[in-house]
S.K.: 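Sharing a structure here in structure tokens format.
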Amino acid sequence: MKKEIIQPAKYLTGAVELPGDKSISHRYAMLAALAAGTSELRHFSAAADCHSTLGCMKALGGEVGVERDTVRITGRGPQGLKSSWRALDAGNSGTTMRLLAGILAGQNFSSKLTGDESLQKRPMKRVIAPLREMGADIRGRDDNFAPLEIRGTKLKAIDYKMPMASAQVKSAVLLAGLFADGVTSVTEPARTRDHTELALEEFGVNVEKQGLTIRVGGLGAGNGSGKLTAKSLDVPGDVSSAVFFLAAASLFPDSNVLLHNVGLNPTRTAILDVLAEMGASIQMLGLKSSQGEVIGDLAVKGASLKGGVIAGARIPLVIDELPMLAALGPFTEEGIEIRDAGELRVKESDRISALAENLRSMGAKVEERPDGLKVEGWHAGKLRGAEIEPRGDHRIAMAFAVAGLAAQGSTVIRDADCVGVSFPAFFAELNRLAER
Ligand code: S3P
């Protein structure tokens, strides 16, 4: 397994092009395979996760061609998928498994969905339960874990009050709703990313939104729900990948970094508000709307960070950015406290435990709690380089690479290849921008 050694930096300077947004790439790939005709998806994510989705859609009969970051997918319409003779492999990707479960539940064939060791430990009951209410025949290990065996069947629409704020669960139910009789609704307890709703609309499906409720009708004849049509779409840069550069640049007074074409969908930009409230200097430039999504450049300069508390309804909107925020804690005046984020324990790793352990190994003072952690600020002492164990989790590896830039001595990131799950060029880009 490859190690990366991070030496301290003086500042960061230059421009970065981020990989295409992971969440959007998954959704475009799935919908393109369900639409009749050829879709062209430009700036498709280089993430291993999104390539897991492509592999699954191909195994299900979609024609998939990849040329650098352009992906062409030819589908045969919503009833055009075919059964795969082998198990569908979602790799490390929770989004692939949960969203596909929704689609597969409504097909007229059986499927088996599996994933890597980490994914096989992540809870699937959250999608199994609502899909069963829709009439789906799904079995999992201990009724909660992959591999999932899904016997496709005719589904019925439900009104689902989601018990947790999860975009993946919402999306699984809405996608299953395309194959149900009647109108399916999902009501969220708190707002989560809305890329599924926007992507459905882009591909021609009618979606009704009313407060925290989203409705979609089955695509069967006479429902007036719209029609999935092949599209040419550009995927914006991934703001969840941008955050590592926003954080790294913020740490040094002389930094000056420009991030091009970042997806700035309002359900994803709470992280920019959090960073701004902490004193970060981030400017949004050239905002424009692009195929239902918002896109723009971000200019970031060094700043002194105050720190603070992140909790409540904000948590689902910054869920993927919490590892980076926590690892910024020791560089802030007041430290950083994260509450109401028990979900972090069931991500690609137990992120609360992984953050606490690795922060402590760098000398930070951390209090670990069931639903979050409290990281003391710079008054508790300067961080020193250490061997970081990311537990196979890309966002832990990247967060600690950034912390390593501002620590004393060198930091070793073990199993550094795990960043390929979302951002294969991460270390090359970080080293290109870091002046030493
Ligand atoms: C995602 C939703 C979030 C997020 C994940 C991507 C999506 O997961 O953490 O990285 O694309 O819908 P949850 O729905 O489990 O919160």
Side-chain angles (χ1 to χ4, degrees), residues 19-31 44-45 47-50 52-53 56 90-103 115 118-119 121-130 144 146 160 162-176 186 188-200 212 214 235-236 238-244 263 265 267-268 270-271 293 313-325 338 340-352 354 371 392-396 398-399 418-419 421-423:
D21 188 275
K22 199 152 79 82
S23 290
I24 298 175
S25 295
H26 285 299
R27 287 150 170 89
Y28 285 179
M30 289 180 193
L31 293 180
F44 191 86
S45 173
D49 271 6
C50 297
S52 294
T53 291
C56 291
N92 191 245
S93 174
T95 308
T96 307
M97 183 166 286
R98 295 192 178 120
L99 271 59
L100 255 187
I103 292 173
S118 147
L119 188 55
K121 289 189 197 133
R122 297 180 63 189
M124 294 297 147
K125 186 81 195 189
R126 53 183 64 197
V127 290
I128 294 176
N144 192 18
Y160 189 58
M162 220 172 24
M164 80 271 292
S166 161
Q168 293 177 354
V169 175
K170 167 176 69 176
S171 304
V173 176
L174 292 175
L175 290 171
V186 180
E188 316 189 75
R191 209 159 151 70
T192 66
R193 63 190 72 190
D194 65 354
H195 302 301
T196 299
E197 298 89 304
L198 295 176
L200 281 168
L212 292 170
I214 305 108
V235 182
D238 198 324
V239 67
S240 299
S241 299
V243 73
F244 299 104
N265 174 318
T267 60
R268 296 287 295 284
I271 181 61
E293 295 284 350
R314 229 177 195 182
I315 291 292
L317 299 174
V318 294
I319 192 75
D320 291 339
E321 290 76 56
L322 292 174
M324 185 66 260
L325 278 175
I338 294 169
D340 309 319
E343 274 291 303
L344 283 181
R345 293 206 183 268
V346 289
K347 291 292 177 186
E348 288 84 325
S349 70
D350 175 343
R351 286 183 170 160
I352 296 177
D371 68 339
D393 187 330
H394 55 131
R395 296 197 205 279
I396 299 295
M398 292 189 279
C418 69
V419 303
V421 156
S422 65
F423 196 167

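Indexing begins at 1, ligand by ligand and atom by atom, following the structure's order.
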S.K.: Under 3.5 Å, N or O to N or O, is Val169 touching ligand 1 that way?
M.R.: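 No; the residue has no nitrogen or oxygen that sits under 3.5 Å from a nitrogen or oxygen of the ligand.
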
S.K.: Does Lys22 form a side chain to side chain donor-acceptor pair (under 3.5 Å) with Thr95? I'd like the steps, not just the answer.
M.R.: CA-CA 9 Å; Lys22 199 152 79 82; Thr95 308; 5.4 Å; no

S.K.: Quick one: do the Ser45 and Ser25 side chains pair a donor with an acceptor below 3.5 Å?
M.R.: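 On atom types as modelled, these side chains do not qualify, holding no pair under 3.5 Å.
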
S.K.: Show which atoms of ligand 1 fall inside a sub-4.0 Å distance from at least one heavy-atom site of Ile319.
M.R.: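 Those atoms are 9 (O).
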
S.K.: Looking at side-chain heavy atoms only, is the closest gap between Arg268 and Ser23 below 4.5 Å?
M.R.: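 Yes, their side chains come closer than 4.5 Å.
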
S.K.: N/O of Ser166 under 3.5 Å from N/O of ligand 1, yes or no?
M.R.: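 Yes, Ser166 has an N/O under 3.5 Å of an N/O on ligand 1.
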
S.K.: I'd like to check which ligand 1 atoms, numbered from 1 as shown, lie under 4.0 Å from a non-hydrogen atom of Thr95.
M.R.: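 Going through ligand 1 atom by atom, the ones under 4.0 Å from Thr95 are 1 (C), 6 (C), 7 (C), 11 (O).
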
S.K.: Under 4.0 angstrom from ligand 1, any heavy atom of Arg27?
M.R.: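 Within the 4.0 Å threshold, so yes.
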
S.K.: Can you list the atoms of ligand 1 that are under 4.0 Å from a heavy atom of Lys347?
M.R.: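 Every atom of ligand 1 under 4.0 Å from some heavy atom of Lys347: 3 (C), 4 (C), 8 (O), 9 (O), 13 (P), 15 (O), 16 (O).
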
S.K.: Would you say that more than 12 heavy atoms from the other residues, nucleotides or ligands in this model lie under 6.0 Å from the CZ of Arg314, or not?
M.R.: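 Yes, CZ of Arg314 has more than 12 neighbouring heavy atoms, counting only those of other groups under 6.0 Å.
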
S.K.: Of the backbone atoms (N, CA, C, O) and the side-chain heavy atoms from C-beta on, which set of His195 has a member under 4.0 Å from an atom of ligand 1: side chain, backbone, both, or neither?
M.R.: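 No part of His195 comes within reach of ligand 1.
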
S.K.: Within the 4.5 Å heavy-atom criterion, are Asn265 and Leu198 side-chain neighbours or not?
M.R.: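 The answer is yes; the side chains approach within 4.5 Å.
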
S.K.: Ser23 heavy atoms, cut-off 4.0 Å: which ligand 1 atoms fall inside?
M.R.: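 By the 4.0 Å cutoff, the relevant atoms are 6 (C), 7 (C), 11 (O).
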
S.K.: Under a 4.0 angstrom heavy-atom cut-off, which atoms of ligand 1 come close to Asp320?
M.R.: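 Answer for ligand 1: 4 (C), 5 (C), 9 (O), 10 (O).
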
S.K.: Rounded to the nearest 0.5 Å, what separates atom CE in Met324 from atom CZ in Arg395?
M.R.: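 CZ of Arg395 is found 12.5 Å from CE of Met324.
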
S.K.: What about Gln168: any of its N or O atoms under 3.5 Å from an N or O on ligand 1?
M.R.: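 For ligand 1, there is an N or O atom that lies under 3.5 Å from one belonging to Gln168.
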
S.K.: Would you name the heavy atoms of Val235 and Phe44 that are closest together and state the gap between them?
M.R.: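 Closest approach of Val235 to Phe44, heavy atoms only: CG2-CA, 4.1 Å.
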
S.K.: Based purely on interatomic distance, does Ser171 place a nitrogen or oxygen under 3.5 Å from a nitrogen or oxygen of ligand 1?
M.R.: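 Between Ser171 and ligand 1, no N or O pair is found under 3.5 Å apart.
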
S.K.: Are Ile319 and Glu343 close enough that some pair of their side-chain heavy atoms sits under 4.5 Å apart?
M.R.: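 Result yes, sub-4.5 Å side-chain heavy-atom pair found.
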
